[in-house]
Visitor: 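So that we are looking at the same thing, I have put the structure below in structure tokens.
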Protein chains: 2
Amino acid sequence: MNDQDIIEQLRQDVAGQCACQKIRKASRTITRRYDDALKPFGLTGNQFTMLTIISLADKVTLSRLAEIIGMERTTLIRNLKPLERAGLVTIATEESRRAKHATISSQGLNTLAETLPVWRKTQASLKADLGDKTWQVVHQGLDAIS
Amino acid sequence: MNDQDIIEQLRQDVAGQCACQKIRKASRTITRRYDDALKPFGLTGNQFTMLTIISLADKVTLSRLAEIIGMERTTLIRNLKPLERAGLVTIATEESRRAKHATISSQGLNTLAETLPVWRKTQASLKADLGDKTWQVVHQGLDAIS
DNA sequence: TCAATATTAGTGCATATACACATATTATGA
DNA sequence: TCATAATATGTGTATATGCACTAATATTGA
């Protein structure tokens, strides 16, 4: 197959069709919005997510937490470090000597209380930009993937 | 506002609703599939995307390339490094001494030719898992975001 | 009991992401 | 012409991501 054939196929089949390309692009776009909004509070969007889930599922093991978030276990372990350093969560062993639990601190809850209005505003702004119908459709699709 | 109120609001409004959380989770899931499939060829899904776009838009400046891919400029510059090291693309200045252009090499085109069937298979497998309707809906939604 | 197995967490390595800031080059207008 | 503005790339720092591999602890079954 010659070069022009390859390029033609890439143009026809890949460009504008690749799910990996599309979802990564959209993820970057949306992440930037949330990161920017949360920046004054020293949180990223991802950290806000981890903090929220930890606050709702207190004292789950790190492995279980990774499952819930849909994040590779070792990725989660590293991503918790900044939250731990900032005193927003505590990582400790209890009962078992191997399993560890993540627990939100009172400071962590305070941060969530502070950032909740900002999250609401960001979420609403995005929803407004996309329109109700697209918003619905996007959420359904993303739920199906995960 | 007390802790229980906060947690209740997080449960009601944030959990399962946050667009940032959902799209990042879905992005991780899909990326893992493409990364895994392309691994034998030494490419990530993201690299496959960059390679494809460079092959179709030859000799665009790095800034323009970043725009097309929807990636922060400095991120793109760093992400190109592995491709350059592997000899799949060339980064060089032409005409202007400040602007740089990315050009795909013949080796890069060969790699694309090799990986194209794998990409097709991965894309088809994902589409099959999601079903035609969800697939359509996801793509529409992601296009709207970007 | 205790050896084999399963479970849980952690490290090394490489890529991915973007903001703040810096540097280099080109274009513009007084 | 030449100072200023605009444009283009690059670096420092920090977070995000996951695979391969390792280490420690708990469980199970002969």
Side-chain angles (χ1 to χ4, degrees), chain A residues 20-21 23-40 42-51 59-67 69-86 88 91-102, chain B residues 20-21 23-40 42-51 59-67 69-86 88 91-102:
Chain A
C20 187
Q21 173 179 348
I23 198 148
R24 289 180 67 87
K25 183 175 182 179
S27 175
R28 287 191 295 265
T29 302
I30 288 184
T31 297
R32 276 194 295 264
R33 284 177 78 139
Y34 284 81
D35 281 359
D36 182 60
L38 292 168
K39 190 163 191 124
L43 278 191
T44 64
N46 189 51
Q47 290 169 347
F48 177 84
T49 292
M50 291 190 294
L51 216 49
K59 291 196 178 173
V60 293
T61 66
L62 300 188
S63 288
R64 178 73 190 115
L65 194 56
E67 267 180 30
I69 302 182
M71 186 181 280
E72 216 281 330
R73 186 185 50 81
T74 63
T75 301
L76 173 75
I77 288 177
R78 288 182 226 255
N79 288 355
L80 285 174
K81 287 289 190 293
L83 296 180
E84 202 181 7
R85 272 202 304 276
L88 305 180
I91 313 292
T93 59
E94 288 169 46
E95 293 130 28
S96 164
R97 267 191 300 177
R98 68 178 167 187
K100 287 195 175 179
H101 300 266
Chain B
C20 187
Q21 173 179 348
I23 198 148
R24 289 180 69 84
K25 182 176 182 180
S27 176
R28 286 192 295 264
T29 301
I30 288 184
T31 297
R32 276 194 295 264
R33 285 178 76 137
Y34 284 80
D35 280 359
D36 182 60
L38 292 168
K39 191 164 190 124
L43 277 190
T44 66
N46 189 50
Q47 290 169 347
F48 178 84
T49 293
M50 290 191 293
L51 216 48
K59 290 196 179 173
V60 294
T61 68
L62 300 187
S63 289
R64 178 71 190 118
L65 194 56
E67 266 179 29
I69 301 183
M71 185 181 282
E72 216 279 333
R73 186 185 52 79
T74 63
T75 301
L76 173 75
I77 288 177
R78 287 183 224 254
N79 288 354
L80 284 174
K81 287 290 192 291
L83 296 179
E84 202 181 7
R85 271 203 303 277
L88 305 180
I91 313 293
T93 58
E94 287 169 47
E95 293 129 27
S96 165
R97 267 189 302 178
R98 68 178 166 187
K100 287 194 174 180
H101 300 267

Visitor: Between Ile77(A) and Asp35(A), who's closer to the 5' end of DNA chain C by nearest nucleotide?
Guide: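 The residue closer to the strand's 5' end, by nearest nucleotide, is Ile77(A).
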
Visitor: Between Ser96(A) and dA26(D), is there a contact of a side-chain N or O with OP1 or OP2 at under 4.0 Å?
Guide: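 It does, given that an N or O in the side chain of Ser96(A) lies less than 4.0 Å from OP1 or OP2 of dA26(D).
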
Visitor: Less than 4.5 Å apart, side chain to side chain, heavy atoms only: is that true for Met71(B) and Asn46(B)?
Guide: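 The answer is yes; the side chains approach within 4.5 Å.
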
Visitor: Pick the nucleotide of DNA chain C nearest each of His101(A) and Met50(B); which residue has the one closer to the 5' end?
Guide: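 Upstream on the strand: His101(A).
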
Visitor: So, OP1 or OP2 of dA14(C): does either fall under 4.0 Å of a side-chain N or O from Lys81(B)?
Guide: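 Lys81(B) to dA14(C) OP1/OP2: no side-chain N or O under 4.0 Å.
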
Visitor: Find out whether Met50(B) and Leu65(B) are in side-chain contact, i.e. whether some heavy atom of one side chain is under 4.5 Å from a heavy atom of the other.
Guide: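 No, every pair of side-chain atoms sits at 4.5 Å or beyond.
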
Visitor: Could you tell me how far apart Leu65(B) (CG) and dG10(D) (P) are, to the nearest whole angstrom?
Guide: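 Rounded to whole Å, this separation is 13 Å.
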
Visitor: Give a yes or no on whether a donor-acceptor pair under 3.5 Å exists between the nucleobase atoms of dT8(C), that is its base, and the side chain of Arg98(A).
Guide: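 Under the 3.5 Å cut-off, the side chain and the base do not form any donor-acceptor pair.
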
Visitor: Between the side chain of Arg24(A) and the main-chain N/O of Thr31(B), is any donor-acceptor distance below 3.5 Å?
Guide: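 It does not hold such a pair.
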
Visitor: Roughly how many Å is it from CG in Asp36(A) to P in dC19(C), rounded to a whole number?
Guide: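 Taking CG of Asp36(A) and P of dC19(C), I get 8 Å after rounding.
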
Visitor: In whole angstrom, what separates Leu76(A)'s CG from dT15(D)'s C1'?
Guide: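 After rounding, the reported distance stands at 14 Å.
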
Visitor: For dA9(C), does the base pair up with any side-chain atom of Arg73(A) as donor and acceptor (N or O, under 3.5 Å, distance only)?
Guide: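 Per atom types, the contact qualifies.
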
Visitor: With a 4.0 Å cutoff (strictly under), does any side-chain N or O of Asn46(A) reach OP1 or OP2 of dT17(C)?
Guide: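 It does not, given that no N or O in the side chain of Asn46(A) lies less than 4.0 Å from OP1 or OP2 of dT17(C).
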
Visitor: When you measure from the side-chain N and O atoms of Arg85(B) to the phosphate of dT15(C), is any distance below 4.0 Å, counting only OP1 and OP2?
Guide: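 Yes, such a contact exists.
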
Visitor: Hey, does the side chain of Thr74(B) come within less than 4.0 Å of dG10(D)'s phosphate (OP1/OP2), counting only N and O?
Guide: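 Looking at the OP1 and OP2 atoms of dG10(D), neither is under 4.0 Å from any side-chain N or O of Thr74(B).
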
Visitor: Quick check: on DNA chain D, is the nucleotide nearest Ser63(B) upstream (toward 5') of the one nearest Arg24(B), or the reverse? Name the residue that is more 5'.
Guide: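 Nearest nucleotide further toward 5': that of Ser63(B).
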
Visitor: Which part of the nucleic acid does Thr75(B) contact within heavy-atom distance under 4.0 Å: base, sugar-phosphate only, or nothing?
Guide: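 Base, at least one base atom sits under 4.0 Å.
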
Visitor: OP1, OP2 of dA18(C) versus side-chain N and O of Asn79(B): anything below 4.0 Å?
Guide: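 For dA18(C), OP1/OP2 do not have a side-chain N/O of Asn79(B) under 4.0 Å.
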
Visitor: How long is the line joining OH of Tyr34(A) and P of dA16(D), in whole Å?
Guide: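 My rounded result for the distance is 16 Å.
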
Visitor: Atom CD of Glu84(B) to atom P of dA16(C): distance rounded to whole Å?
Guide: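 Whole-Å distance recorded here is 14 Å.
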
Visitor: Determine: side-chain N/O of Arg97(A) to OP1/OP2 of dT7(C), distance under 4.0 Å, yes or no.
Guide: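 Looking at the OP1 and OP2 atoms of dT7(C), neither is under 4.0 Å from any side-chain N or O of Arg97(A).
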
Visitor: What is the distance, to the nearest angstrom, from the CG atom on Leu80(B) to the P atom on dG10(D)?
Guide: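 It works out to 10 Å between those atoms.
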
Visitor: Whole Å only: how far is the CD atom of Glu94(A) from the P atom of dT8(C)?
Guide: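 Rounded to whole Å, this separation is 16 Å.
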
Visitor: To the nearest Å, give me how far apart CZ (Arg64(B)) and P (dT7(D)) are.
Guide: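 Interatomic distance, CZ of Arg64(B) to P of dT7(D): 15 Å.
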
Visitor: Answer with yes or no whether Arg78(A) presents, from its side chain, a donor or acceptor under 3.5 Å of a partner atom in the base of dG12(C).
Guide: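 Side chain to base: pair present.
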
Visitor: Please check this pair: side chain of Asp35(B) against backbone of Gly45(B), looking for a donor-acceptor N/O pair closer than 3.5 Å.
Guide: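 Judged by distance alone, yes, a pair lies under 3.5 Å.
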
Visitor: Would you mind reporting whether Arg28(B) and Ile69(A) have side-chain heavy atoms less than 4.5 Å apart?
Guide: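 Yes. Closest side-chain heavy atoms under 4.5 Å.
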
Visitor: Just jot down the side-chain contact (heavy atoms from CB on, under 4.5 Å) partners of Arg64(A), sequence neighbours excluded, or say none.
Guide: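 Listed in chain order: Val60(A), Thr61(A), Glu67(A), Ile68(A).
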
Visitor: Give Lys39(B) one of three labels, base, sugar-phosphate or nothing, depending on what nucleic acid heavy atoms sit under 4.0 Å from its own.
Guide: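 Counting heavy atoms under 4.0 Å across all strands, the contact made by Lys39(B) is with sugar-phosphate only.
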
Visitor: Report which part of the nucleic acid Thr61(B) touches: base, sugar-phosphate, or nothing (heavy-atom distance under 4.0 Å, all strands).
Guide: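 Sugar-phosphate, backbone atoms only, no base.
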
Visitor: Looking at dC19(D), dA16(D), dT15(C), which one has an atom nearest to any side-chain atom of Glu72(A)?
Guide: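 Closest of the options to the side chain of Glu72(A): dC19(D).
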
